[in-house]
Amino acid sequence: MSLKLTSYKGTRDLYPADMRRRNYIFNGWRAVVEGYGYQEYMAPLLEPLEVYAAKSGEEIVNEQTYSFTDRGGRQMVIRPEMTPSISRMVAARRQEMPMPARLYSIANFMRYERPQHGREREFWQLNFDIFGVDNIYAELEIINMSHDILTHFGATDGMFTIRVNDRRLTNFIMQEYLGLNDEQTTRMIKLLDRFDKISRDSFDDQASDIVAGDADKLAKLNQVIEAVELDDLPAEIKDNAVVEPLRSLLSKLHEQGLNNVVYNVRLMRGFDYYTGIVFEAFDEAPENRRAMFGGGRYDGLVSLFGVESLPVVGVAPGETTFQEFLLAHDLMPDFTDDAESAVTILPMASDATKTAAGELAQTLRQAGLAIAVDYTDRKLDKKTKVAVKGGAKLVIYLGDEELSSGELTVKNLASGQQAKVRRDQLVDYLNQQINSVVTK
RNA sequence: GCGUCUGUAGCUCAGUUGGUUAGAGCGCUGGAUUGUGGCUCCGGAGGUCGCAGGUUCGAAUCCUGUUAGACGCCCCA
């Protein structure tokens, strides 16, 4: 009975080519958020169960987290999200931390769910939040960053849309305009959230059920959900002050040329904890057509930790959907042949040449070059072939001939050209060859 | 938690109405060429046909269960 070769359900093994793709994404994320002055933090993998239960409710925590009792009897959870952890960290330094605080992290999370398209049990997310800014400029910045994160990788406006809504506006529509009670509001928000996933007939049936068949309310609802711009809303809504933050935000974004940022009356984003503007980046690729990531304004959870509350605007793009976006739009470079070392030394099958190869490699590494040595006793054609496949740019042949002459045979694998190079000129020659390949 | 589909070599897949030693291409590996890369030729390794029962003289093939994966539903903090 041998051990299984497969990774745990919902998790993935990442081989070098996979890691190159991941790092390409992570490095791009970093470049963008650090360009906005965001600073990196990291939190522990484990947090006490209470933090999540307080935020998300017992049920979801018990059913969808990896939790266990530690040896001291504490109920612990592998983090399913970053918000409680960063809230704790900010709360702990509430008095001394200068505001606004701009913080980001790239970390992994686990949720005990059934894996499916774009969803795994272990996943990586970029989290970035701005703490302590109470006006629309915080949303403006976060949405700008969300936009940049996509365009940084070559995405253009037609490839994605950023949908925006305001939780305060939604509540106004539900309660003041439609006259729904709290329970009806909750149900209607859930239903609107699913608008694109269900048929129109099914939507109408369920909406009718929620308002107990009130024809007047249904007519008003229909008018609202057809709106594609704020000005399409009935006068009673669009003339109310509640639309001002959204109107102001959208006009500022459009002034900046972000024309794929649009109002969407049906955008809901979960239920309880958003308090103002909400938004999500939507993939327009025909094979995806779904929300990639979303965020918005929420009262920071810092008050859970006994300090004065803080306004926060944040978002958390996930690696999986992001990568699928890049693939769908042909924005992911091919990393399959990239080498970990640009140069491979191929000694002959003798101890003397192998030893010399090792020494040479050390010298070259001190000069800043990435060098691998093939110490196997295979034939040279085989070793050369493997070096090519591994993506090496240059190979250095080192046999008895080179040992006695003091000159090394360097082959440029891209051009096929080969030269004898004196040892004292080797570093310069290698650097020149490597650069010529890169610019080719 | 529920549903649909799929599991044959490392990968992509053949496998005829159940018929005896389960195949191909690619990849890996060795040689032709004891010092040089996408060609050619020759050889080799690698499979309890996801697993377990059942039907049958005989099962990769039919039946049942189970497990893993993909994709939906629920959920998505």
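Reckoned from all heavy atoms, side chains included, excluding hydrogens, waters and symmetry mates. Residue numbers start from 1 in every chain, and the chains themselves are labelled A, B, ... in the order their sequence lines are given, proteins ahead of strands.
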To the nearest Å, how far apart are [X] [atom1] and [N] [atom2]?
X	N	atom1	atom2	answer
A:D381	B:C39	CG	C1'	13 Å
A:Y15	B:C11	OH	C1'	13 Å
A:D196	B:C76	CG	P	17 Å

With ring pair (Phe, Tyr, Trp, His ring centres under 6.0 Å) as the rule and sequence neighbours excluded, what pairs involving residues 278-300 of chain A come up?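 Sorted pair list: A:Y273-A:Y298.
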
With sequence neighbours excluded, residues passing ring-ring contact (aromatic ring centres under 6.0 Å, His included) with A:F305: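 Partners of A:F305 under the ring-ring contact (aromatic ring centres under 6.0 Å, His included) test: none.
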
Dump the pairs, protein N or O against N or O of nucleotides 66-69 of chain B, anything under 3.5 Å, distances to one decimal.
residue	atom	partner	partner atom	Å
B:G69	OP2	A:K9	NZ	2.5

Nucleotide forming a Watson-Crick or wobble pair with [N], both distances under 3.5 Å:
N	result
B:C26	B:G10
B:U34	none
B:C2	B:G72

Below 4.0 angstrom, which residues in residues 301-323 of chain A have at least one non-hydrogen atom near RNA chain B?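 Those residues: none at all.
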
Counting only non-hydrogen atoms, which of residues 325-332 of chain A are less than 4.0 Å from RNA chain B?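 Nothing qualifies; none.
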
Contacts of type side chain to side chain donor-acceptor pair (under 3.5 Å), residue [X], not counting sequence neighbours:
X	result
A:E308	none
A:Y112	none
A:K411	none
A:T321	none

For nucleotides 27-30 of chain B, tabulate all protein N/O to nucleotide N/O atom pairs closer than 3.5 Å, reporting atom names and distance.
residue	atom	partner	partner atom	Å
B:G27	O3'	A:K389	NZ	3.4
B:C28	OP1	A:K389	NZ	2.8
B:U29	OP1	A:R378	NH1	3.3
B:U29	OP2	A:K382	NZ	2.8

A:R266 to A:F195, cation-pi by 6.0 Å centre distance and 45° axis angle: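 Positive - A:R266 is close enough to the ring of A:F195 and near enough to its axis.
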
Protein-nucleic acid N or O pairs under 3.5 Å, nucleotides 50-52 of chain B:
none

Hydrogens and angles aside, do A:S67 and A:Q75 bring a side-chain donor and acceptor to less than 3.5 Å of each other?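 A:S67 vs A:Q75: no donor-acceptor pair found between side chains.
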
May I ask you to decide if the ring planes of A:F322 and A:F325 are parallel, tilted or perpendicular, using 30° and 60° as cut-offs?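 Geometry flag for A:F325 against A:F322: tilted rings.
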
All N/O pairs under 3.5 Å across the protein-nucleotides 72-74 of chain B interface:
residue	atom	partner	partner atom	Å
B:C74	OP1	A:R194	NE	3.2
B:C74	OP1	A:R194	NH2	2.6
B:C74	N4	A:Q116	NE2	3.0
B:C74	N4	A:R119	NH2	2.8

